[in-house]
Asker: 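Quick one: the structure is below, and I'll ask about it shortly.
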Amino acid sequence: MIKKKIEKILKTKIIIHKLKIYNESKKHNTTPNLKNTHFKIIIVSDDFFKIKLIDRHRKIHLLLSKYIYEHTIKSLSIHTYTISEWNNNKNIHLLKSSICINKTHLT
């Protein structure tokens, strides 16, 4: 399963304090064969200390690039925090995912 592969890759390359991976495929307008393609990842690690948000995301994208380029992962929402950022933000549990819009409704 792709979720387990994502977890293994991230845990191999990042010292993780907290990791949550949510399969959000059901929330998106996908066909049944794409039921494991949309993910939200929350990572708490002091490996992100003094690293800009864009560079944190680049790191995650680079680690998962094989699955992104093969289109195994079609949508990826990434939330990265240091331990201090995580502990100081009281509203982190309210992280919301975006809603996938069916392109046929945009005409």
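These numbers come from the heavy atoms of this one structure, side chains and all, not from hydrogens, waters or symmetry mates.
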Asker: Let me confirm one number: the OG1-NZ distance from T80 to K52, rounded to the nearest 0.5 Å.
Answerer: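 Those atoms lie 14.0 Å apart.
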
Asker: Considering only distance and modelled atom types, tabulate donor-acceptor pairs under 3.5 Å from the side chains of residues 9-18, sequence neighbours left out.
Answerer:
from	atom 1	to	atom 2	distance (Å)
K11	NZ	E7	OE2	2.9
T12	OG1	K8	O	2.6

Asker: Any salt bridge linking E85 with K50? Criterion: basic side-chain nitrogen under 4.0 Å from a carboxylate oxygen.
Answerer: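 So E85 does not pair with K50 through a salt bridge.
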
Asker: If two hydrophobic side chains count as joined below 4.5 Å and joins carry through other members, does I42 share a cluster with I83?
Answerer: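 Result: yes, single cluster for both.
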
Asker: Can I21 be reached from I60 by stepping across I, L, V, M, F, W or Y side chains whose heavy atoms are under 4.5 Å apart?
Answerer: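 Same cluster: I60 reaches I21 through Ile, Leu, Val, Met, Phe, Trp or Tyr contacts under 4.5 Å.
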
Asker: NE2/H79 to CH2/W86 distance, rounded to the nearest 0.5 angstrom?
Answerer: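 Rounded to the nearest 0.5 Å, the NE2-CH2 separation comes out at 9.5 Å.
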
Asker: Out of curiosity, N88 CG to Y81 OH, how far, rounded to the nearest 0.5 Å?
Answerer: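 Between N88 CG and Y81 OH, I get 12.5 Å after rounding to 0.5 Å.
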
Asker: Ignoring hydrogens, what is the shortest heavy-atom contact between K3 and F39? Give both atom names and the distance.
Answerer: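 Scanning both residues, the minimum pair turns out to be CB-CE2, 4.1 Å.
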
Asker: To the nearest 0.5 angstrom, please state how far the OH atom of Y22 sits from the OG atom of S77.
Answerer: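 Rounded to the nearest 0.5 Å, the OH-OG separation comes to 11.0 Å.
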
Asker: Nearest 0.5 Å, please: how far is OG1 in T82 from CD1 in I43?
Answerer: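 Between atom CD1 of I43 and atom OG1 of T82 there are 13.0 Å.
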
Asker: Looking at CG of L19 and OG of S45, how far apart are the two atoms once the value is rounded to the nearest 0.5 Å?
Answerer: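 These two atoms lie 10.0 Å from each other.
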
Asker: Under the side-chain hydrogen bond (donor to acceptor under 3.5 Å, both in side chains) test, which residues partner D47, sequence neighbours left out?
Answerer: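 Counting only residues at least two positions away or on another chain, D47 forms no side-chain hydrogen bond (donor to acceptor under 3.5 Å, both in side chains).
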
Asker: Check whether any side-chain heavy atom of H61 sits under 4.5 Å from a side-chain heavy atom of I78, and report yes or no.
Answerer: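 Yes - at least one pair of side-chain heavy atoms lies under 4.5 Å apart.
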
